[in-house]
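Taking it in order: structure first as structure tokens, then the write-up.
When a ligand or atom number is given, it counts from 1 through the structure's own listing order.
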Amino acid sequence: MKNEIPPLARELNEILEGSVIMDLLSDFGKRFYFPKGIISQSAEAKEHAHRFNATVGMAYSGGQPMFLPSVHRHLANLQPEEIYSYAPTGGVPELRKLWKEQIIRKNPAIADKNVSLPLVVPGLTAGISVLADMFVEVGAPVVVADMFWGNYRLIVAGRRQGTLATFPLFKKGDGAPGLDLDALETTVRESVHNGRATLILNFPNNPTGYSPTQQEAAALRDRLLAIADEGIKLLVIHDDAYFGLFYEPGTYTSSLFNELADVHPNILAAKVDGGTKEDLTWGFRVGFITFSAGGATTEQYEALVKKGMGAIRAAVSNCSRPGQSLMIHAIKSETYQQEKQLAFDELKKRYLAVKEILASAELPANVRVLPFNSGYFMAFELLEGGAEALRLKLLHEKGIGTISIEDRYLRVAFAAIDLDKIPELYREILASMKKTG
Ligand SMILES: Cc1ncc(COP(=O)(O)O)c(C=O)c1O
């Protein structure tokens with residue numbers, strides 16, 4: 001089964017029709033397009049958001065990207081070898097080893113389990129894309145929450161010709177809001193294709209900023225184990241882009257990879273993570289894929305990692321050497337953890353400021369705040385739609401950049417806004433909502 005050509009690709013194809021370009025494009029080339037999502041809205045904000053730009057998933061301070069001094073101070077001090085030479089296809093061995101140690105530190109349950117050496121990929125996007133190349137068949141569904149990072153569509157449906165099967169992230173109703181685990185389980189079961197199912201878990205979630213509580217994490221693990229017990233083979237991809245930014249007590253503070261690594265012969269857990277957001281190194285393009293399959297042998301891990309290396313080699317050959325070298329120095333620096341803690345403290349202050357404002361804000365009846373407790377973002381849901389009109393109004397009348405999703409959600413990247421500006425940002429958003437709503 002082949003996907004239809006998406007409308008945006010069709011528009012581009014119409015422009016190319018009659019030229020040699022169109023005659024030469026492959027099926028893939030004909031299907032491809034540049035989505036009108038976060039990237040194009042961010043580009044608009046760059047032009048018009050002269051006051052606050054709360055679009056992009058980066059952390060800013062005083063108009064500059066935040067950074068860890070233990071990364072920055074090495075920029076001028078790297079040896080030529082650390083900058084100019086090719087990195088090995090799978091990544092610089094020292095970095096792979098150091099990152100694995102970090103993964104174990106953050107996910108203590110895997111200390112005694114079998115987990116592959118991480119593979120270096122050019123950012124988390126590439127990590128997900130490599131996994132999709134390796135595991136997603138044409139026509140096969142990939143389960144994601146209905147609140148998902150839009151690039152999953154381009155990777156899974158656009159690139160691989162799979163489909164996205166979505167489930168509502170949150171339970172309906174005004175009772176205790178939380179993850180809709182029934183819906184997740186049902187959607188996984190309905191998405192079994194040739195005896196297997198693929199699920200992407202992204203916590204802290206983009207765009208909502210939600211992470212599971214400890215109880216939810218345990219329940220989620222148990223439900224997936226029950227499905228695996230029935231003989232269904234599960235690939236669980238953990239997109240841990242915003243890992244570590246957990247602001248509330250009671251939140252599960254490891255990756256779900258911690259629960260699903262090496263626990264069941266029918267589960268392959270693949271962790272995608274990196275310094276991009278965690279270590280404030282967005283432009284470095286250094287991410288990791290780490291595998292764990294219940295009961296797999298050392299030889300099998302090596303074979304799997306080699307396949308991953310083949311996928312990397314075919315796409316990008318190898319990843320940024322300077323980025324990897326800087327990360328090695330940073331992780332080995334004595335102040336690395338302390339500096340990460342300072343960045344965390346700053347983002348947590350912003351989070352708490354947003355929470356406090358929203359706790360006493362009078363929202364229009366048709367607007368609700370989606371649950372959030374972690375990460376870079378929070379999102380409003382406009383129950384009757386109009387998020388795009390609200391975004392445009394904020395952008396063109398107030399000089400404020402936000403992201404609208406499906407005309408129903410407005411995502412605000414509070415991590416990109418200085419603490420002292422957060423009250424003004426939300427005052428403007430709430431005032432514009434009232435007029436729009
Ligand atoms: C959920 C999620 N996954 C992955 C990424 C991509 O990370 P990278 O810049 O390392 O490719 C992002 C970035 O916005 C994200 O929000």
Pull out every atom of ligand 1 sitting under 4.0 Å from any heavy atom of [X], numbered as shown with elements.
X: Thr276; result: 8 (P), 9 (O), 10 (O)
X: Lys277; result: 12 (C), 13 (C), 14 (O)
X: Gly123; result: 10 (O), 11 (O)
X: Tyr242; result: 1 (C), 13 (C), 14 (O), 15 (C), 16 (O)
X: Asn206; result: 1 (C), 15 (C), 16 (O)
X: Asn202; result: 1 (C)

If you have a sec, work out which protein heavy atom is nearest [atom] and how many Å separate them, to one decimal?
atom: atom 5 (C) of ligand 1; value: Trp149 CH2, 3.4 Å
atom: atom 2 (C) of ligand 1; value: Asp239 OD2, 3.4 Å
atom: atom 9 (O) of ligand 1; value: Arg285 NH1, 2.9 Å
atom: atom 11 (O) of ligand 1; value: Thr125 OG1, 2.5 Å

Original post:
Looking only at N/O atoms, are Leu124 and ligand 1 under 3.5 Å apart anywhere?
Top reply: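 Such a contact does occur with ligand 1.
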
Original post:
Does the N or O separation between Tyr152 and ligand 1 drop below 3.5 Å for any pair?
Top reply: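 No, there is no polar N/O contact under 3.5 Å.
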
Subject >> Crowding at CD, Glu424 (>12 non-hydrogen neighbours, <6.0 Å) >> reply: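 Yes.
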
Original post:
Tyr376: heavy atom below 4.0 Å from ligand 1, yes or no?
Top reply: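 Tyr376 does not count as a contact of ligand 1 under the 4.0 Å cut-off.
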
**OP:** Compute both the distance and the angle, then confirm whether Arg350 meets the cation-pi test with Phe414: under 6.0 Å from the six-membered ring centre, within 45 degrees of the axis.
**Re:** no

Original post:
Side chains of Asp279 and Thr281: do they bring a donor and an acceptor to under 3.5 Å?
Top reply: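 Short answer, no.
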
Original post:
Can Thr335 and Ser333 be counted as having a side-chain donor-acceptor contact under 3.5 angstrom?
Top reply: yes

Original post:
Between Tyr351 and Tyr247, is the gap from one ring center to the other below 6.0 Å?
Top reply: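 Ring centroids of Tyr351 and Tyr247 are less than 6.0 Å from each other.
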
**OP:** Compute the centroid of each ring, for Tyr242 and then for Phe203, and state whether the two points are separated by less than 6.0 Å.
**Re:** no

Would you call the rings of [X] and [Y] parallel, tilted or perpendicular, where under 30° means parallel and over 60° means perpendicular?
X: Tyr152; Y: Trp149; answer: perpendicular
X: Phe28; Y: Phe32; answer: parallel
X: Trp282; Y: Tyr376; answer: perpendicular

